[in-house]
2 protein chains.
Amino acid sequence: MTNTTLKKISEILGISVSTVSRALKHHPDISVKTREKVIELARTLDYEPNANAVQLRTKNSKLLGLMVPTISNYFYETFIAAVEEDARKNGYAVMILQSGNDPLIESENLKLFRQNRVSGVFVCLSSNTKDLSSFEKMFDLEIPVVFFDNVPQESGVHKICLADEKSAQLAAELILQHPYQSILAIFGNPALSITKKREAALKNAFQAHPHISLLIEHANSSEEAKLVCHEMLNKHLPDIIFCMSDEVLIGVLKTIQEKGLRYPDNIALLTISNGTIPRLFHPQITYIETSGEKLGKAAFAHMLNCMQTKIEPTELLVDAVLFNGGSL
Amino acid sequence: MTNTTLKKISEILGISVSTVSRALKHHPDISVKTREKVIELARTLDYEPNANAVQLRTKNSKLLGLMVPTISNYFYETFIAAVEEDARKNGYAVMILQSGNDPLIESENLKLFRQNRVSGVFVCLSSNTKDLSSFEKMFDLEIPVVFFDNVPQESGVHKICLADEKSAQLAAELILQHPYQSILAIFGNPALSITKKREAALKNAFQAHPHISLLIEHANSSEEAKLVCHEMLNKHLPDIIFCMSDEVLIGVLKTIQEKGLRYPDNIALLTISNGTIPRLFHPQITYIETSGEKLGKAAFAHMLNCMQTKIEPTELLVDAVLFNGGSL
DNA sequence: AGAATTTCCGCAAAGGTTTGCTGTGGAAAT
DNA sequence: ATTTCCACAGCAAACCTTTGCGGAAATTCT
């Protein structure tokens with residue numbers, strides 16, 4: 001079977017292509033009689049506009065780009081799911097690409113987005129990206145770019161983040177409500193904006209409490225976190241371990257389980273997470289919620305704004321809330 | 001900045017558009033001198049072909065569609081990641097849509113795929129889809145459809161599945177190697193092809209062992225699985241619980257933890273999973289591996305075949321292997 | 001030198017849609 | 001009965017690229 005086009009409909013009905021096109025979009029120039037004839041036939045022939053032709057002509061696609069380091073991640077997947085859902089409801093489709101944390105692939109992917117004429121892109125920066133040079137062309141072409149989660153330091157771009165500072169502050173407050181004296185805080189890749197923000201905020205919060213020992217470590221993966229944690233626990237058992245993310249938490253949990261430690265009895269746990277992992281365990285692990293879903297919804301709404309009216313680049317924050325499990 | 005097109009290049013160089021087009025693809029009709037001039041200018045102007053125009057003209061897009069009930073799922077996310085990665089390496093981009101297990105949205109999404117002229121689609125059927133009527137048009141238009149994971153019963157379509165029967169058999173064999181006498185097996189949504197296959201295979205394997213009690217239950221979500229498990233354990237403590245999937249496993253684990261049971265001492269556990277969840281716990285949970293990654297790679301390879309040469313629709317299986325944790 | 005190739009490039013159409021402009025017929029206004 | 005106006009529909013260009021075909025100039029062969 002071959003595809004039905006405006007031309008085919010117009011030939012069958014013996015009218016012009018433009019009349020068919022207009023009838024289909026209820027243009028007032030077309031009489032009701034003609035319009036109904038056209039719509040009727042279009043339905044029976046199951047006409048579906050060729051998006052390529054439409055976009056070529058109108059220069060305005062219903063495609064959005066979305067790039068993450070990897071799709072396979074507790075946080076990104078919920079973000080993606082949320083964006084896709086809202087996009088669908090608004091008639092947009094989403095083209096998803098992974099950078100694998102490789103700036104080269106990131107750049108290639110941006111090119112792919114451009115070639116496919118996306119109307120906007122969501123980007124979580126690769127952890128190895130040093131500058132925004134590969135994004136220049138997007139800005140030049142005025143394709144809205146909304147950065148999320150791991151965002152560039154530069155101002156003048158659209159950023160939408162979790163309340164990184166606040167979530168670390170919340171964590172600090174919660175810790176201070178307990179009589180913990182020694183804290184082990186394990187963060188992720190120090191190159192990430194979220195790492196920097198969370199680390200700075202946590203450090204800052206404890207500055208006024210010099211009697212509390214705050215030990216900070218970094219780990220780029222769950223495996224590293226596990227090793228680091230093992231190492232640290234061998235030296236000294238802290239009162240509480242703070243994990244910056246699910247990746248870290250997973251490593252820490254493995255260590256704790258392997259060592260036969262029990263929380264909250266032997267050691268307390270606190271993490272920042274979207275909740276999936278913390279809720280798997282019993283007792284559930286107390287976490288500061290960073291919802292990929294909320295972030296996704298906010299990002300899409302912001303994108304819609306960007307595409308409709310040129311708005312000033314800003315940094316938006318999605319609030320953080322505490323979920324009380326039973327790990328401290 | 002406006003986009004560079006073939007026309008713009010041709011005007012600057014004072015040659016025709018067709019020459020530019022041919023030069024850029026190393027057509028033998030074009031002299032080396034002209035070709036190099038063109039390529040040089042194209043590079044400095046950072047020419048990027050308009051995919052819409054190309055596709056419109058060639059009727060052959062570098063876009064693939066992928067539909068799953070939800071992206072946010074331990075299994076699908078790895079599948080998607082694998083497909084995207086291989087697609088990228090082969091110059092394809094992936095358009096991802098979620099059906100939310102709603103046949104209506106599923107149908108709408110197929111339409112979106114068609115309108116965007118994808119060259120092929122991967123589909124994991126929604127659990128509520130009763131027939132393949134909404135796919136008819138895809139077949140008519142000869143757009144390759146590769147079903148995966150939850151596939152239709154019909155033959156004559158491309159299906160690529162985990163070795164559902166074999167994985168259940170493997171599970172049965174493993175169980176029979178131990179002196180377990182009572183088994184609680186919890187399966188997922190009975191409407192899914194994977195549920196049916198796994199359940200049938202498991203039942204079948206135990207037919208020859210009537211002295212072993214095999215109790216079968218169903219649960220559509222982790223929460224249901226948790227409830228079902230609670231209920232069952234209140235009546236009777238089985239020797240082992242077999243979980244069909246991660247969803248089920250999560251519910252079961254919660255129940256077990258809440259009840260203060262310890263595996264493998266009080267009860268044994270066995271599941272089918274891609275490994276993410278089972279490896280989070282200590283001891284790790286023994287599982288039959290169903291790798292979304294392997295499935296994704298196989299699916300993409302198959303899709304490539306479908307697009308190049310019309311091959312006979314077949315059912316491909318991705319093998320299942322045992323991962324020995326410490327839960328039985 | 002004249003004929004036969006070869007080399008290189010341009011013309012124009014096609015793909016499906018959208019849209020500004022033009023043109024027609026008929027009804028209303030004068 | 002002439003003019004004015006409106007409702008309706010078609011023409012043609014444009015978006016950008018690809019490609020069959022034809023043709024001019026340069027080269028090679030008698």
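Chain letters run A, B, ... following the sequence lines, proteins first and then strands; every chain starts at 1.
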Taking distance alone, no hydrogens or angles, what donor-acceptor pairs closer than 3.5 Å link side-chain atoms of residues 145-153 of chain B to residues at least two apart or in another chain?
from	atom 1	to	atom 2	distance (Å)
B/Asn150	OD1	B/Ser193	N	2.8
B/Asn150	OD1	B/Ser193	OG	3.1
B/Asn150	ND2	B/Leu125	O	3.1

Kindly say whether B/Glu106 contributes a backbone atom to a donor-acceptor pair with the side chain of B/Ser99 at under 3.5 angstrom?
->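 Checked: no pair found.
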Quick one: does B/Thr314's side chain have a donor or acceptor within less than 3.5 Å of a partner on B/Leu316's backbone?
->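 No.
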Is there a residue in residues 13-21 of chain A whose heavy atoms reach under 4.0 Å of DNA chain C, and which residues are they?
->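 Of all residues in residues 13-21 of chain A, the ones placing a heavy atom under 4.0 Å from DNA chain C are A/Val17, A/Ser18, A/Ser21.
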Send over the distance from [X] [atom1] to [N] [atom2], rounded to a whole Å.
| X | N | atom1 | atom2 | answer |
| --- | --- | --- | --- | --- |
| A/Asn3 | C/dG16 | CG | P | 8 Å |
| B/Asn116 | C/dG16 | CG | C1' | 14 Å |
| B/Lys8 | D/dC16 | NZ | C1' | 13 Å |
| A/Lys59 | C/dT19 | NZ | C1' | 15 Å |
| B/Lys37 | C/dC9 | NZ | P | 8 Å |
| A/Asn50 | C/dG16 | CG | P | 7 Å |
| A/Leu6 | C/dT19 | CG | C1' | 13 Å |
| A/Glu48 | C/dG15 | CD | P | 19 Å |

Hey, does the side-chain of A/Arg22 have a donor or acceptor N/O within less than 3.5 Å of a partner on the base of D/dG10?
-> yes
So does A/Asp29 reach the base of D/dC8 with its side chain, donor to acceptor, closer than 3.5 Å?
-> no
Between B/Ala82 and B/Gly296, which heavy-atom pair has the shortest distance, and what is it?
-> CB-CA, 4.1 Å
Among the nucleotides C/dG15, D/dC16, D/dA9, which one has an atom lying closest to any side-chain atom of B/Leu56?
-> C/dG15
Of all the choices, C/dC8, C/dG16, D/dC21, which nucleotide is nearest to the side chain of B/Thr34 once you look at every atom?
-> C/dC8
Determine whether the side chains of A/Ser16 and A/Thr19 contain a donor N or O and an acceptor N or O closer than 3.5 Å.
->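 Yes, because at least one side-chain N or O of A/Ser16 sits under 3.5 Å from a partner of the opposite role on A/Thr19.
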Between A/Arg117, A/Arg114, A/Gln115, which is the residue that forms a side-chain hydrogen bond (donor to acceptor under 3.5 Å, both in side chains) with B/Glu48?
-> A/Arg114
Would you indicate whether the side-chain heavy atoms of A/His26 and A/Ile39 approach each other to under 4.5 Å?
->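 Yes. Closest side-chain heavy atoms under 4.5 Å.
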Side-chain N,O (B/Tyr47) to OP1/OP2 (D/dC16) below 4.0 Å = no
